[in-house]
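Please read the structure below before turning to the comments.
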Amino acid sequence: MTVIHADARTISTMQQHYTAYLKQTPPPHSVFSATLTGVTVTAYHSGKVLFQGANAEKEALKWSKTTIETQKTSDKKSALPKGFDSWSVIGSDEVGTGSYFGSLIVCAAYVDKEQIVQLKKLGVQDSKNLTDARIMTIAQELKRLLPHVILDVDPTKYNDIQPTMSQGQMKAECHNHALLRLLKQLHPVKPEGILIDQFELPKTYFNHIKHKEQQVTENVYFATKGESHHLAVASASIIARAAFLESLETLSQQIGVNLPSGAGSPVDTVAAHIIKTAGMDTLAKVAKLHFANTQKAQAIAKK
Ligand code: MN
């Protein structure tokens, strides 16, 4: 038997995770009890969670790491174990969520601890401190050096999905999918940890992917400003940023209009120009239509 202590939030996440395995009548004082192959999981209102059976320890391990993480995040302290920055880690990050034009890109990249020194020499750091030209150069190198997965949700796809899915949901599903693919690619090598650049609470994240057939939960950590906690996130961020800039460039060429990034007023002017000269169908191929920029551009186009 293995026992872990979890906060109410984590227990609720666990209950959702085990939805399909819940017992109809859980024991007294328990929140839930679930029977899986080789392990029974029972969570109590006291915060104690019991794992019983042959797979008890393995199943508990999934949660103890996440639990430590969730508790610390709510404390606003560093959520990561000591020495995390020198572990072999998969980092993942997304780019383009705040930009009207261009794709939503999610990238997961694996950095073996032996590569950390090399990446530092290469100049890998927070992409916000790097020029676009520098990002393109470093990204080329990183794509050669690191196992990685890039997911590109182009505006056509994005506009197709967006009416029925929040951006948070879309991001969570993309991160989960990228992580799954990279873990398969790495097999039998396993990262010591997975760090997602935090864009929502871990609980919300796991809630977003709970309906997915396969969920990456083991050794998953979240941290805001993830790029400052491990070069794997900084690398994923640089690769994603480069892919985003490439998507802008490709779309610009396709419609013969220079598309700026961001969501400020220059974007409205360009969007209005596209509406007037090529129409809404063309705009839908290059822009995330649910942004307020669409209405602003339509108003400008009518003038
Ligand atoms: Mn991020």
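Whatever order the structure lists them in is the order used to number ligands and atoms, beginning at 1.
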Run the ring-ring contact (aromatic ring centres under 6.0 Å, His included) test on Tyr21 and Phe32 for me, step by step, so that the C-alpha distance in whole Å, both residues' side-chain angles and the decisive distance to 0.1 Å come before the verdict. CA-CA 10 Å; Tyr21 310 97; Phe32 72 86; over 10 Å; no

Please determine if the Mn ion (ligand 1) has an N/O/S atom from Glu227 lying under 2.8 Å away. no

Show me, pair by pair, the donor-acceptor contacts under 3.5 angstrom made by side chains of residues 274-282, not counting sequence neighbours?
residue	atom	partner	partner atom	Å
Thr277	OG1	His273	O	2.7
Thr282	OG1	Ala278	O	3.3

For residues 152-191, which residue pairs pass the ring pair (Phe, Tyr, Trp, His ring centres under 6.0 Å) check, not counting sequence neighbours? Tyr158-His290, His175-Phe199

Can Asp126 and Lys225 be counted as an ion pair, charged N to O under 4.0 angstrom? no

Is Glu94 close enough to the Mn ion (ligand 1) that one of its N, O or S atoms comes in under 2.8 Å? no

Looking at the Mn ion (ligand 1), which N/O/S atom of Asp197 is the nearest one? OD2

Nearest to the Mn ion (ligand 1), which N, O or S atom of Asp93 do we find? OD1

